[in-house]
Amino acid sequence: MDMLSLKIVTPEKIVFEDSVASITVMTQNGEITILPHHIPLVTRMRAGELCCKKNGEEIYLAASTGFLEVRPGNQVIILADTAERVEELELQKIESAKIAAQKLLEETQGADDVAFANALAGMERESARYKVAIKRRHPKTPPAPLNPKTS
Amino acid sequence: MAVQTRAIKRRIKSVTSTRKITKAMELVAASKMRKAVSAVLGTRPYATLAWDTVKSVSKVTQIDLHPLLYTHGSSNKILLVLLSSDRGLAGGFNVNMVRKTFERLRAWEGKEVEVICIGRRGAHAMKKAGKNIIASFTDITTAPTYKDTLPIGRLIVNEFVKGSYEQVFVAYTDFVSAIAQQPTIFQLLPLGALEESKELGKVSQTTPVEVIRGSREYTFEPSPADVLNFLLPKLIETMLYQAVLESAASEHSARMMAMRNASEAASDMIHDLTFTYNQARQAGITQEIAEISSGKAALEQT
């Protein structure tokens with residue numbers, strides 16, 4: 001079976017590098033899933049959950065804004081501003097960060113555009129982290145597959 | 001005789017204290033280097049991949065989709081961004097960079113070149129050469145942050161879009177390893193017509209991803225303009241930041257090596273001087289003995 005070689009890179013480090021069967025990400029236009037043999041694509045990502053599947057196993061990451069590029073030859077590159085694997089997320093830290101982000105957002109509301117945009121981006125990032133962390137902490141029944149099985 | 005040994009002794013003392021200073025500077029440079037190197041190696045994959053993305057994207061898209069992809073106006077001026085250090089005592093670091101720059105300037109004979117300098121040393125050299133410096137940034141190179149490089153990126157992009165320049169180049173020192181740094185010049189703009197240039201951090205790079213080209217078009221979501229609007233300015237900033245980091249890592253490594261060489265030279269010198277001192281001392285003693293014994297012999301004769 002064909003696999004996608006996925007690379008998730010942030011300015012700090014390479015977060016994830018492996019071959020996976022499918023990748024589900026949040027883009028500006030909504031959630032998309034990339035399967036092998038996808039046509040070349042460049043898209044903007046929104047802060048949110050990122051899920052890759054490998055051998056039936058699901059790997060969750062929290063990513064913030066960035067780009068996704070599908071290159072010919074089943075290569076997928078994700079250039080994100082930040083990205084963490086679920087194992088790295090600490091719920092308490094995220095909760096306090098989220099509250100701080102919320103506060104900042106309220107403070108900067110009506111102030112200058114740049115500060116507000118920054119605060120909003122921070123808020124989105126923390127929300128995405130929070131969502132992913134919560135999901136991992138209270139594992140419910142596995143969510144229904146978003147895409148038909150590729151095997 | 002005593003005068004000579006005293007002079008040598010003083011010399012040894014002064015060289016020893018010089019060695020202490022160079023040793024300390026070496027240690028400081030080494031700790032700064034460690035930080036700079038980890039920063040540069042961390043961001044390198046991101047910058048390389050982003051650069052690859054833009055190169056492949058700009059090859060398959062129409063050039064008029066974004067103002068950064070093509071040259072505006074009919075100006076044939078070139079803008080060069082020269083990265084150097086603020087301080088000297090870094091061995092051949094600045095010298096090599098400036099030499100490389102002059103080589104390139106000769107190749108551009110006939111075209112008007114304007115310079116943006118980051119770091120004092122490069123600015124001095126360009127001023128001496130009588131080049132037109134449109135901006136000079138200092139105090140960035142020792143501990144660069146992303147925020148520091150933003151205004152520089154904005155300045156470059158604005159001037160380019162205004163049509164002031166035909167091409168924009170960046171001259172920086174590529175960090176190969178702690179003992180080898182390579183002065184490099186690469187083309188930053190326009191992104192649509194890049195000459196083949198060396199990649200940032202070419203050592204750590206395995207074979208670059210070669211994009212299969214052809215009639216295959218890239219899909220852009222939501223729209224090409226939207227994606228390029230977001231991607232290209234960010235890329236310029238990333239590349240510039242990466243170049244600054246490479247340069248900083250190279251600077252600290254070069255300084256560390258220079259200081260290590262200085263310390264070693266001082267040690268050698270102390271060794272030589274101690275040898276000479278001992279010789280002189282021995283000669284002094286021998287002479288004194290000869291004087292005493294000849295004096296005694298003279299007394300006995302009478």
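Small disclaimer: the values here were computed from a predicted structure and weren't measured.
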> Among B/T43, B/T53, B/D226, who wins on heavy-atom pairs under 4.5 Å with chain A?
Replying inline: B/T53

> Quick one: do A/R46 and A/E124 make a salt bridge, cutoff under 4.0 Å?
Replying inline: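 Result for this pair is no, no salt bridge flagged.
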
>> Between A/K7 and A/D18, does any NZ, NE, NH1 or NH2 come within less than 4.0 Å of an OD or OE carboxylate oxygen?
In response: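 No, A/D18 and A/K7 are not salt-bridged.
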
>> If we define contacts as heavy-atom pairs under 4.5 Å, which of A/L41, A/N29, A/I14 has the most with chain B?
In response: A/L41

> For the rings on B/F160 and B/Y165, is their centre-to-centre separation under 6.0 Å?
Replying inline: no

> In terms of heavy-atom proximity below 4.5 Å to chain B, should A/Q28 be classed as side chain, backbone, both, or neither?
Replying inline: side chain

> At a heavy-atom separation under 4.5 Å, does A/T10 approach chain B through its side chain, its backbone, both, or neither?
Replying inline: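 Just its backbone gets close to chain B.
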
> Counting only N and O atoms by type, is there a donor-acceptor contact under 3.5 Å from the side chain of B/S164 to the main-chain atoms of B/E159?
Replying inline: yes

